[in-house]
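First the structure, in the form of structure tokens, and then the observations on it.
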Amino acid sequence: MAQPIFSPVGFLRGSSFILGGSGMNIALEKREKLQALINEAINQAVAGGDLSLAEVPDFTLEAPKDPNHGDFATNIALVAAKAARKPPRDVAAALVKYIPVGGFIEKVEIAGPGFINFFLSHEWLADILRSIEARREDYGSSDYGQGEKVLLEFVSANPVGPLNVVNARAAAVGDTLARLMRACGYTVGTEFYVNDAGNQADVFANSLVARCHQQVDPEYPFPEEGYPGEYVTDLAKRLLQEKPDFLDWPREEQLAFCKRWGTDQMVEWQAADLRTYGVEFDVWFRERDLHAAGELEKVIEYFREKGYLYEEEGALWFRSTDFGDDKDRVLIKSDGAYTYVTADIAYHWDKLKRGYTKLIDILGPDHHGYIGRMKAAIQALGYGADTLEVLILQYVALLRDGQQVKMSKRAGEFITMQDLLDEVGTDAARYFFLMRSPESHLDFDLNLAVEQSSENPVYYVQYAHARICSILRQAEDMGVVVPSASEADLSLLTSDFEINLIKKLGELPEEIILATTQREPHRIARYALDLASIFHSFYTHCHVLGEDAPLRDARLVLVKCVQIVLKRSLSLLGISAPEQM
RNA sequence: GCGCCUGUAGCUCAGGGGAUAGAGCAUCGGACUUCUAAUCCGAGUGCCGCAGGUUCGAUUCCUGCCAGGCGCGCCA
């Protein structure tokens with residue numbers, strides 16, 4: 001008979017990192033132990049002749065939705081039934097026979113079609129609280145990423161105007177993803193790529209020059225495709241104050257100055273807006289620096305050596321179809337100018353040369369055609385296609401009074417990121433952008449976001465935190481000290497309200513890893529909401545202060561842990577955790 | 001035509017190869033001499049877009065179709 005092949009379970013395949021020390025990560029640690037017990041049971045069942053199994057199929061071991069189904073459940077018997085030529089429940093019985101009850105396992109059950117449900121002893125709940133107390137604001141962090149160097153590029157709006165609401169969504173998602181990845185032990189760089197060398201920058205410079213002239217000559221022609229926004233005129237006025245003789249300059253100098261100075265002003269403006277939004281970039285990368293350093297030429301040179309280029313109709317083409325793109329791309333136009341693709345290739349090459357092993361670009365929905373060409377370029381540069389990962393966000397529709405807010409650039413009806421923040425505030429804006437999965441279209445209800453009531457999820461979560469702070473303040477006033485987890489008798493926490501709360505606290509580490517690896521920051525928003533909900537329920541039904549000292553102390557420990565975890569969750573989302581509301 | 005995203009309760013959305021499909025809002029009814037009622041408790045709601053396929057099992061995976069949104073430049 002073939003030896004059973006042990007198969008680790010679930011998304012954390014072979015994840016021995018979890019056991020990096022005692023109290024590191026309780027829920028995951030318990031699961032690993034259970035997994036080992038199951039594997040051992042399979043071994044013994046096979047050896048004892050209770051089970052005939054050539055190979056162990058992949059199975060799951062997870063916390064069931066329904067608490068009646070225990071703390072963990074596995075489907076091993078269902079998936080192995082066919083190979084074992086036995087009904088699932090019989091397979092389960094053969095395995096359960098070899099699973100020792102005792103220690104942290106209180107009870108093992110066979111249920112439903114053949115699930116094996118594990119009920120853990122109360123001690124493991126206490127372990128969760130002890131773990132939170134030990135790790136404090138670091139609870140939930142891991143070394144899952146093992147120092148892998150990741151570069152996250154997001155927003156990267158053109159430096160020709162204010163940021164819009166999709167930029168705001170990208171900023172929230174990118175920033176939170178960066179926080180999550182850091183929590184998972186990745187080395188993360190965040191970058192905003194500034195397109196300050198392309199056509200749009202020229203058009204912008206033209207617009208700015210025209211507005212300057214219009215200050216003294218209202219008849220001065222404004223470029224047809226120019227940027228009509230009021231901010232360009234404001235900028236022109238400021239420019240004339242700084243450079244009173246500007247209008248006398250040769251036109252070439254005016255344009256060159258406006259392109260540089262004007263885009264610099266826009267970058268500063270965008271950066272300031274993002275800062276109030278809680279988003280700071282490690283690097284603002286200038287496209288013009290690539291041009292100045294001759295990096296685009298180096299791309300051309302390298303591709304030419306490799307034979308990836310050809311000329312047609314006066315333009316220089318990159319044969320990107322050799323690397324899976326759906327059409328070839330022009331790198332140098334027939335007028336001799338580089339396309340944006342060339343600069344983007346140079347930029348991504350630069351990232352790679354800086355030692356990043358994973359490049360993640362978060363882009364708007366209008367850029368999905370970009371994926372194929374950049375993956376082609378990455379491969380042409382000698383890296384694997386998977387080195388680059390592109391996240392495409394979907395559109396944001398703003399709703400006011402149930403109606404979609406119409407936006408038109410031409411008509412000047414345009415809600416900027418800053419307008420949005422002025423209206424709803426940073427916390428609400430970030431939460432609303434982070435509560436949906438990134439690839440979903442998002443309806444942003446402006447009325448709801450400003451509402452300071454129970455209907456607004458962000459206040460709901462923050463209120464839970466504020467309530468805890470209030471309890472702790474009053475405890476302090478009463479001279480009651482929150483004991484350490486080892487001092488309190490945690491076995492007194494026996495109600496469903498308390499147990500549900502502790503179990504939820506135990507889920508954070510796994511949620512962080514899932515949110516990170518799946519690139520789904522909205523999982524944390526949901527987690528925070530769930531935790532707050534369970535806490536509010538606990539709060540209503542279980543008093544803390546005023547109970548007998550032993551129970552009061554145990555609950556103080558619990559409440560303190562909830563505070564830590566709520567604050568951590570909010571902080572990952574970039575949302576404040578107020579102590580009073 | 002090709003590509004991307006979406007289709008789950010009246011609305012906005014989670015979830016997801018398995019054990020009765022979830023939450024908030026809206027609707028209705030309860031709970032403040034007690035740590036903040038921005039809270040809690042209770043009540044109803046579903047051909048999980050349609051049709052095939054894979055599977056012991058599909059709302060989940062695959063294919064096709066339908067519907068909505070968006071993209072397919074020598075613009076960025």
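These numbers come from a predicted model, not from an experiment. Worth knowing before you read on, the calculation uses all heavy atoms, side chains too, and leaves out hydrogens, waters and symmetry mates.
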Measure [atom1]/[X] against [atom2]/[N] and give the value in whole Å, please.
X	N	atom1	atom2	value
His69(A)	A21(B)	NE2	C1'	14 Å
Leu399(A)	U12(B)	CG	P	9 Å
Tyr459(A)	A38(B)	OH	C1'	10 Å
Leu78(A)	A58(B)	CG	P	14 Å
Phe432(A)	U12(B)	CZ	P	15 Å
Phe59(A)	A19(B)	CZ	C1'	19 Å
Met435(A)	C13(B)	CE	P	9 Å
Arg436(A)	G15(B)	CZ	C1'	13 Å

> Of His367(A) and Pro64(A), whose nearest nucleotide on RNA chain B comes first from the 5' end?
Replying inline: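 Whichever sits nearer the 5' end wins; that is Pro64(A).
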> So which one's nearest nucleotide on RNA chain B is more toward 5', Thr540(A) or Thr74(A)?
Replying inline: Thr74(A)
[N] to [M] separation - [atom1] atoms, rounded to the nearest Å:
N	M	atom1	result
C32(B)	A37(B)	P	12 Å
C72(B)	G15(B)	P	29 Å
G57(B)	G3(B)	C1'	34 Å
U63(B)	G22(B)	P	29 Å
C35(B)	G49(B)	P	47 Å
A58(B)	U6(B)	P	23 Å
C66(B)	A51(B)	C1'	10 Å
C47(B)	G10(B)	P	7 Å

For a quick check of understanding: with a heavy-atom distance under 4.0 Å over all strands, which category does [X] fall into, base, sugar-phosphate or nothing?
X	answer
Ala73(A)	base
Asn117(A)	base
Tyr370(A)	nothing
His543(A)	base
Gln462(A)	nothing
Ala466(A)	base
Cys469(A)	nothing
Asp443(A)	sugar-phosphate
Asp66(A)	base
Gln200(A)	base
Arg373(A)	base
Leu545(A)	base

Kindly point out which of [options] is positioned nearest to the side chain of [X]?
X	options	answer
Glu439(A)	C5(B), C35(B), A76(B)	C5(B)
Ala315(A)	C74(B), C75(B), C35(B)	C74(B)
Ala111(A)	U6(B), C74(B), A19(B)	A19(B)
Val79(A)	C40(B), G18(B), C13(B)	G18(B)
Pro365(A)	A19(B), A14(B), C70(B)	C70(B)
Tyr460(A)	A14(B), C40(B), U6(B)	C40(B)
Ser470(A)	C35(B), C75(B), U20(B)	C35(B)
His368(A)	C75(B), C13(B), C70(B)	C70(B)
Ser440(A)	A19(B), U6(B), G69(B)	U6(B)
Lys327(A)	G73(B), C13(B), A76(B)	G73(B)

> Going by a 90° cut-off around 0, is C62(B) syn or anti?
Replying inline: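 Here C62(B) takes the anti form, which means its glycosidic angle is more than 90° from 0.
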Taking only Lys NZ, Arg NE, NH1 and NH2, and the carboxylate oxygens of Asp or Glu, determine whether [X] and [Y] approach each other closer than 4.0 Å.
X	Y	answer
Arg31(A)	Glu62(A)	no
Arg519(A)	Glu439(A)	no
Arg473(A)	Glu476(A)	no
Asp71(A)	Lys503(A)	yes
Arg85(A)	Asp90(A)	no

> In terms of side-chain heavy atoms, does Asp325(A) have a donor or acceptor partner in Ser320(A) at a distance below 3.5 Å?
Replying inline: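 Result is yes, a qualifying pair exists.
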Searching all strands shown, indicate the nucleotide that pairs with [N] (Watson-Crick or G-U wobble; both distances under 3.5 Å).
N	result
G46(B)	none
G57(B)	none
G1(B)	C72(B)
G7(B)	C66(B)

Can you check whether [X] has a side-chain N or O nearer than 4.0 Å to OP1 or OP2 of [N]?
X	N	value
Arg467(A)	A37(B)	yes
Lys333(A)	C75(B)	yes
Ser537(A)	C41(B)	yes

> Below 6.0 angstrom between ring centroids: does that apply to Tyr347(A) and Phe285(A)?
Replying inline: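 Yes, the ring of Tyr347(A) comes within the 6.0 Å limit of the ring of Phe285(A), centre to centre.
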> With distance as the sole criterion, do the side chain of Tyr340(A) and the base of A76(B) form a donor-acceptor contact below 3.5 Å?
Replying inline: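 Answer yes: a donor N or O sits under 3.5 Å from an acceptor.
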> Ignoring hydrogens and angles, does a donor from either the side chain of Gln394(A) or the base of C4(B) sit under 3.5 Å from an acceptor on the other?
Replying inline: no
>> Is Phe115(A) stacked against the base of A19(B), taking the criterion as centroid distance under 5.5 angstrom and interplanar angle under 30°?
In response: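 By the stated criterion, Phe115(A) and A19(B) stack.
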>> Tell me whether the ring of His441(A) lies stacked over the C5(B) base, given a 5.5 Å limit on centroids and a 30° limit on the plane angle.
In response: no
> Where does the angle between the aromatic ring planes of Phe303(A) and Tyr308(A) fall among parallel (under 30°), tilted (30 to 60°) and perpendicular (over 60°)?
Replying inline: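 Perpendicular: the ring planes of Phe303(A) and Tyr308(A) meet at over 60°.
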> Are more than 12 heavy atoms from other residues, nucleotides or ligands located less than 6.0 Å from atom CD of Glu579(A)?
Replying inline: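 No.
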> How many angstroms lie between CG in Leu61(A) and CG in Asn75(A), if you round to the nearest 0.5 Å?
Replying inline: 9.0 Å
